[in-house]
Number of protein chains: 2
Amino acid sequence: MIMNDKKDIKKETILTVAEKFFARFGLRKTTMDEIAKTARIGKSTLYYYFKSKEDIFAAVIRKESRILKSKLEENIARAANPREKLSAYVLTRMKHLKELSNYYSSLTDEYPEHYSFVERTREDFTKYEIDTLKTILAEGIEKGVFQIADVDTAAQAIVITMKGLEYPLLLQEDAGNMEDTIHNLLNILFKGIESRP
Amino acid sequence: MIMNDKKDIKKETILTVAEKFFARFGLRKTTMDEIAKTARIGKSTLYYYFKSKEDIFAAVIRKESRILKSKLEENIARAANPREKLSAYVLTRMKHLKELSNYYSSLTDEYPEHYSFVERTREDFTKYEIDTLKTILAEGIEKGVFQIADVDTAAQAIVITMKGLEYPLLLQEDAGNMEDTIHNLLNILFKGIESRP
DNA sequence: ATTTCGACTGTTTTCGTATTATGGTCGAAA
DNA sequence: TTTCGACCATAATACGAAAACAGTCGAAAT
């Protein structure tokens, strides 16, 4: 456990370099030699800090997930009530992905190719998503603004719907339409769970 | 316009042959020579009835859309009230795609590759979907069981959500989970549009 | 003990090229 | 009107050689 701070800093440096390559060239076309050269270290050193290229990629995904997580928490905290929190959650999440797809130009191309790998890597984030949504929904029930029979399944349904909309969103299938659609879905969703006097 | 019946019959024969090839090998790996040989006609004859390979593929898609359409209409007619109609619509549509993916083994692989082409070809079907959903929703409003401000956007939101769920459904990302998810979504949806006393 | 790396390896990817397969055309024949 | 054989330009494939690649290892540096 000695020198762990120093090791983490170095890992971070490597990730910063790797991130840029993955963004521009994707997983397949990014080479370990390039990462090593750009980071000014030997390629072998890379393998001292990470066990494989996929491992680095996974670390980048997890880092990205942490950024989104803090973004979500920030926007949720800003929201005044459960309704606004839920709205902020869905909108922030979908907008973030959209922005990401501009930076990660390879994201759209490699989406099908690496779908299951990314999904496996995001497992923790997905758990976080469900937990957070459950918390928001539960808070809404407690405050008497939501009326939901099964919070678990409701949270799961929301997550799967958001995931489902990811690919069409990346393909910009309906481009401008998409944000409207999300708003409409939110409206229907709210009418669906809002308790009425 | 002479001999149009005979021509249509021949076209139908070609489609039946082509369909099986597309199902087993997908669009790319199916060759015009194979279709011609199996249909026992010259390849040039194929081009007398269809203007390109994609044209045949599009015809197969449209045929499949018609089948789904009649399936939908059958199940909608069977349903007693707007709520059951809407439920039947969504479930029939999603189950049909799932069944189709068993038959069309290439569907999953080629989904990203031909996404935009299939989408363009399905445009008419998509219009039908929105129209049908609007009719169901309008009927629900008229009978006082639904309460929706904007029928158009609601119908659109439902269609886009169903489309969004297609790819995860094909990838069987949550396999058994998927049908449950659709049910959950339907439940939320219903709570969202049902009028309450 | 931790960290770094050069040299190495077995496997993929790339590349140039020759060859085949394929989508599509055309004019003639039925 | 319908059919098709012969034909064409292009795209896919096959293949061997060369290059690039992910990952290993033992030794050197810290």
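Letters A, B, ... mirror the listed sequences (proteins, then strands); counts begin at 1.
Between the CD atom of B:Glu34 and the P atom of C:dA21 there is a distance of 12 Å, given to the nearest Å. Summarising the geometry, the separation between CD1 on A:Ile41 and C1' on D:dT30 is reported as 16 Å, rounded to the nearest angstrom. B:Asp8 places its CG atom 15 Å from the P atom of D:dT1, with the value rounded to the nearest Å. Rounded to whole angstrom, the span from the CZ atom of B:Phe57 across to the P atom of C:dT22 amounts to 18 Å. When rounded to the nearest whole Å, the span between CZ of A:Arg40 and P of C:dT4 equals 16 Å. Taking atom CD1 of B:Ile56 as the reference point, atom C1' of C:dT22 lies 14 Å away to the nearest angstrom. The NZ-P distance, from B:Lys37 to C:dG23, rounds to 14 Å in whole Å. In this structure, B:Lys53 places its NZ atom 9 Å from P of C:dT22, rounding to the nearest Å.
Distance check: B:Ile136 CD1 to B:Asn81 CG gives 11.0 Å after rounding to the nearest 0.5 Å.
Using a 30° and 60° split on the angle between ring planes, B:Tyr115 and A:Tyr167 fall in the perpendicular class, above 60°.
Residue A:Thr132 forms a side chain to side chain contact (heavy atoms under 4.5 Å, CB included) with just one option from A:Leu72, A:Val159, A:Ile76, A:Leu137, and that option is A:Ile76. In summary, of the residues considered (B:Glu73, B:Glu74, B:Glu139), a salt bridge (Lys or Arg N to Asp or Glu O under 4.0 Å) with B:Lys85 occurs for B:Glu139 alone.
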For residues 10-18 of chain A, which side-chain N or O atoms pair as donor and acceptor with protein atoms under 3.5 Å away, sequence neighbours left out?
{"unit_1": "A:Glu12", "atom_1": "OE2", "unit_2": "A:Lys63", "atom_2": "NZ", "d": "3.0"}
{"unit_1": "A:Thr13", "atom_1": "OG1", "unit_2": "A:Ile9", "atom_2": "O", "d": "2.9"}
{"unit_1": "A:Thr16", "atom_1": "OG1", "unit_2": "A:Glu12", "atom_2": "O", "d": "2.8"}

Working for salt bridge (charged side-chain N to carboxylate O under 4.0 Å, His left out), residues A:Glu54 and A:Arg120
CA-CA 12 Å; A:Glu54 279 201 342; A:Arg120 234 176 299 130; 5.9 Å; no

Should A:Phe117 and A:Glu110 be marked as a side chain to side chain contact (heavy atoms under 4.5 Å, CB included) after you check the CA-CA gap, both sets of side-chain angles, and the distance that decides it?
CA-CA 11 Å; A:Phe117 175 74; A:Glu110 292 194 350; over 6 Å; no

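Considering only residues two or more places apart in sequence or on other chains, A:Arg83 meets the salt bridge (charged side-chain N to carboxylate O under 4.0 Å, His left out) condition with A:Glu194.
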When you compare the protein's N or O atoms with those of nucleotides 9-12 of chain C, which come within less than 3.5 Å of each other, and at what distance?
none

Which pairs, protein N/O on one side and nucleotides 11-14 of chain D N/O on the other, fall under 3.5 Å?
none

Could you write out each protein N or O paired with an N or O of nucleotides 26-30 of chain C at a distance under 3.5 Å?
{"unit_1": "C:dC26", "atom_1": "N4", "unit_2": "B:Ser44", "atom_2": "OG", "d": "3.4"}

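A salt bridge does not link B:Glu129 with B:Lys163: none of the charged nitrogens is closer than 4.0 Å to a carboxylate oxygen. Using a cut-off of 4.0 Å between Lys/Arg side-chain N and Asp/Glu carboxylate O, B:Arg122 and B:Glu166 are scored as salt-bridged.
Of all heavy-atom pairs between A:Phe22 and A:Val60, the closest is CD1-CG2, 4.0 Å. Taking each heavy atom of A:Pro82 and A:Val145 in turn, the nearest pair found is CG-CG2, 4.0 Å.
Residues of residues 45-52 of chain A having a heavy atom closer than 4.0 Å to DNA chain C, listed by number: A:Thr45, A:Tyr48, A:Tyr49.
Side-chain atoms of A:Met162 and A:Leu133, non-hydrogen and from C-beta on, do get closer than 4.5 Å to each other.
C:dA30 is paired with D:dT1 under the criterion used here, namely a Watson-Crick or G-U wobble arrangement in which both key atom distances are under 3.5 Å.
The closest side-chain donor-acceptor pair between B:Ser106 and B:Lys29, if any, does not fall under 3.5 angstrom.
Residue side chain A:Lys43 reaches the base of D:dG23 through a donor-acceptor N/O pair under 3.5 Å, judged by distance alone.
Among the nucleotides C:dG23, D:dA22, C:dT4, the one closest to any side-chain atom of A:Asp33 is D:dA22.
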